[in-house]
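Step one of this worksheet: look at the structure below.
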Amino acid sequence: MRRSTLLAAATATALSASLFWATSPARADGTTGGPALSDATDWSEPGLLFVTAHSDSPLTRVTAHFYPLSAPDGAPEAGSTADFTQYSGQDARSGVWRAPVHLAELGDYRVTVDLQDASGATVTGALSPHTLHYQTVLTVTNLTTTPDVPDFLHQDVSVGGTVVARDPRDPGTPAPAVGVAVAVDAGRVHTRATTGADGRFTAAFVPSEPSFQLYTTPEASSGYPGAISPPAYPKSMHTAQAPVRFSASTHTLNLRQGTTGTVTGHAEIQTASGWQPLPHTSITVQDNTVVAGQTTTDARGDYTLRVSSDNAAPDAELIAGTGGMLFQQTAAEPFSLHVAYTTHTSLSAFLDDDGSLTARGDVYFEDSRAHWPAKPTVTLQYSKDGKTGWKDAATVTVPIRHNKPLIQETFARTLTKPDTDAYWRARFDGDPDLGTSTTKPVHLYRYATRITGFHASPDPVRKGQPISFAGTLQYKKGTAWKPLPGGSPTLYFKPRGSTTYRYVCELGSAGNGHLVGMVTAKQDGTWAIALSRQTGDHYLASTRVTDYVDVR
């Protein structure tokens with residue numbers, strides 16, 4: 001703390017003590033109710049002494065004696081004064097008496113006081129609890145601030161004033177104080193200025209708080225050693241916080257977990273010149289204490305805000321600015337951030353020999369903040385190329401059995417007449433709280449088959465002679481029928497008069513699809529052939545074709 005501040009505090013304490021008789025009064029030995037000294041001090045008034053005293057009888061005489069603080073006891077006094085007049089009090093029995101002080105040298109002095117009242121009671125050499133600061137007093141006059149109320153367009157505050165020096169030896173002729181450092185304190189902002197030849201000083205600062213107290217305090221210097229600065233009332237100041245507005249490209253974002261959304265807009269501040277772009281101001285998406293995204297406007301007041309899906313904020317706000325800003329208010333707009341948490345879907349699908357599709361799979365999510373919708377569904381879809389043109393084949397309900405994160409919920413469906421040459425996938429349909437997820441395409445295909453030109457020969461045939469079979473095994477790809485080599489169509493026989501076919505053997509098919517194989521003729525009957533057993537993953541059973549052979 002600077003010396004001037006210490007002196008100011010001491011002065012205020014002494015004044016308070018004198019008014020409430022807080023110090024122990026000095027009295028004449030062996031007397032009661034006689035004169036008593038409470039205090040004698042300068043109250044930071046150059047060339048004056050204020051004595052606080054009281055007695056049961058009116059005080060009739062007050063004399064003060066001054067001794068340099070460095071002088072030993074018994075040293076001669078440096079001066080005295082008895083030219084007291086009552087300064088305050090209801091009557092002469094108590095109050096404050098004031099007198100001019102004339103000393104040859106500046107400095108700090110011990111003060112003793114002699115008192116006498118109307119009854120003749122006296123007290124001699126009562127020591128004051130405070131010293132007399134017989135020093136130059138430095139005060140600031142003509143203090144000015146420009147602007148008085150700093151705003152967005154006028155943030156720099158200029159402080160000016162004049163420091164006046166009053167010598168107690170000639171208090172009536174104050175003079176400009178030259179080369180004196182002046183401390184300028186504006187809340188948390190501290191700076192200094194030095195007076196010129198005319199005692200003037202100027203300083204500049206930008207406020208750091210919306211409201212603050214401005215202090216300007218001269219400090220002791222080599223030109224004025226020991227000078228004091230009496231306490232002065234600070235100047236109360238505040239900034240002007242202007243209204244703010246801003247635009248936003250959207251007030252709602254629905255994001256999948258792990259993705260980022262974007263909001264763009266423009267912020268403005270209202271000034272005496274109208275609405276102007278608001279640069280370097282934060283734009284935040286906030287839901288209570290959750291901050292989902294933050295950015296800052298550029299020099300033109302524009303912003304691009306990237307919003308994270310890390311935390312859902314369904315009842316958030318877009319906020320321009322922060323609390324306690326010096327020159328602007330905050331502005332807010334409603335904002336909603338929905339997050340669809342990640343899901344995982346799997347599919348196992350195959351085509352049966354009859355062309356029906358069996359599909360099984362499961363769906364699960366990981367995040368504990370996610371919840372299943374009331375009736376979750378999976379859509380089975382197909383496409384010719386596995387890339388475009390996806391069509392919905394069926395919607396399958398996913399029954400919820402566990403309702404917990406990381407535990408799969410299963411689904412299944414059989415389709416009786418699907419496309420037998422297509423790419424298939426399963427898509428979990430999701431909702432605002434659960435994201436969709438789609439399996440990789442699976443190519444499933446089974447071609448229709450047929451046997452054309454089937455003929456058994458010779459006909460008729462002798463018993464025990466071989467019978468050979470002509471015909472071609474084909475499969476259909478798209479709209480074209482093509483030879484199916486390496487097939488194993490099944491040969492059946494129904495004797496004349498019977499109604500039941502029985503299995504005979506497996507024939508083969510050559511590279512051109514022609515049937516390969518023969519049997520021995522035993523009796524009349526009908527031969528039938530069909531691709532019906534061991535058709536593999538990609539071929540369907542064919543329609544049975546027949547031919548009757550007469551055996552002799």
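Quick note: residue numbers are just sequence positions, from 1.
Between Ser273 and Leu153 the shortest side-chain heavy-atom distance falls below 4.5 Å. Side-chain atoms of Val180 and Phe201, non-hydrogen and from C-beta on, never get closer than 4.5 Å to each other. Annotation: side chain of Thr295 is not in contact with side chain of Ser282 (no heavy-atom distance under 4.5 Å). Considering only heavy atoms from C-beta on, Trp372 comes within 4.5 Å of Leu434 through its side chain. Val137 is not listed as a side-chain neighbour of Ser229, based on a closest heavy-atom distance of 4.5 Å or more. The closest side-chain heavy-atom distance from Thr41 to Leu132 is not below 4.5 Å.
The backbone N or O of Thr264 sits nowhere less than 3.5 Å from a side-chain atom of Thr304 that would complete a donor-acceptor pair. With hydrogens and angles ignored, the 3.5 Å screen pairs no side-chain donor or acceptor of Asp185 with any backbone N or O of Arg188. Looking only at distances, no side-chain donor or acceptor of Thr284 sits under 3.5 Å from a matching main-chain atom of Gln286. The backbone N or O of Leu406 sits nowhere less than 3.5 Å from a side-chain atom of Glu366 that would complete a donor-acceptor pair. A donor-acceptor contact shorter than 3.5 Å is absent between the side chain of Ser80 and the backbone of His65. Judged by distance alone, the side chain of Ser309 and the main-chain N or O of Thr260 form no donor-acceptor pair under 3.5 Å.
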### side chain to side chain donor-acceptor pair (under 3.5 Å) assessment of Arg401 paired with Thr410
CA-CA 9 Å; Arg401 298 179 177 88; Thr410 60; 3.2 Å; yes
#### Entry: Candidate pair Thr52 and Asp39, rule side chain to side chain donor-acceptor pair (under 3.5 Å), full reasoning
CA-CA 5 Å; Thr52 305; Asp39 197 11; 5.6 Å; no
### Message
Would Gln116 and Thr60 count as a side chain to side chain donor-acceptor pair (under 3.5 Å) here? Give the steps.
### Response
CA-CA 6 Å; Gln116 183 175 358; Thr60 57; 4.9 Å; no
### Task
Could you give me the CA-CA distance, side-chain angles and deciding distance for Asp148 and Lys235, then say whether salt bridge (Lys or Arg N to Asp or Glu O under 4.0 Å) is met?
CA-CA 10 Å; Asp148 273 340; Lys235 182 175 182 176; 2.9 Å; yes
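The existence of a salt bridge linking Arg200 and Asp198 is excluded, since no basic side-chain nitrogen approaches an acidic carboxylate oxygen closer than 4.0 Å. Look at Glu45 and Arg98 and you find no salt bridge, because none of the NZ, NE, NH1 or NH2 atoms lies under 4.0 Å from a carboxylate O.
Counting heavy atoms of neighbouring residues, nucleotides and ligands inside a 6.0 Å radius, atom CZ of Arg300 does not exceed 12 of them. The environment of CZ in Arg93 is sparse: at most 12 heavy-atom neighbours from other residues, nucleotides or ligands sit within 6.0 Å.
Aromatic rings of Tyr87 and Phe50 (six-membered ring for Trp) have centroids within the 6.0 Å cut-off, being under it.
From Asp91, atom CG reaches atom OG of Ser57 across 10.5 Å, with rounding to the nearest 0.5 Å. Within the model, atoms CD1 of Ile283 and NE2 of His266 stand 10.5 Å from one another, a figure rounded to the nearest 0.5 Å. Interatomic distance, OG1 of Thr296 versus NE2 of His280, reported as 9.5 Å (0.5 Å rounding).
Looking only at atom types and distance, the side chain of Asp108 has no donor-acceptor partner in the side chain of Thr131 under 3.5 Å away.
Every residue two or more places apart in sequence or in another chain that forms a side chain to side chain contact (heavy atoms under 4.5 Å, CB included) with Ile407 is listed here: His402, Lys404. Under the ring-ring contact (aromatic ring centres under 6.0 Å, His included) criterion, Tyr134 pairs with no residue, sequence neighbours left out.
Among residue pairs with one or both ends in residues 305-345, those qualifying as ring-ring contact (aromatic ring centres under 6.0 Å, His included) are His344-Tyr364; sequence neighbours excluded.
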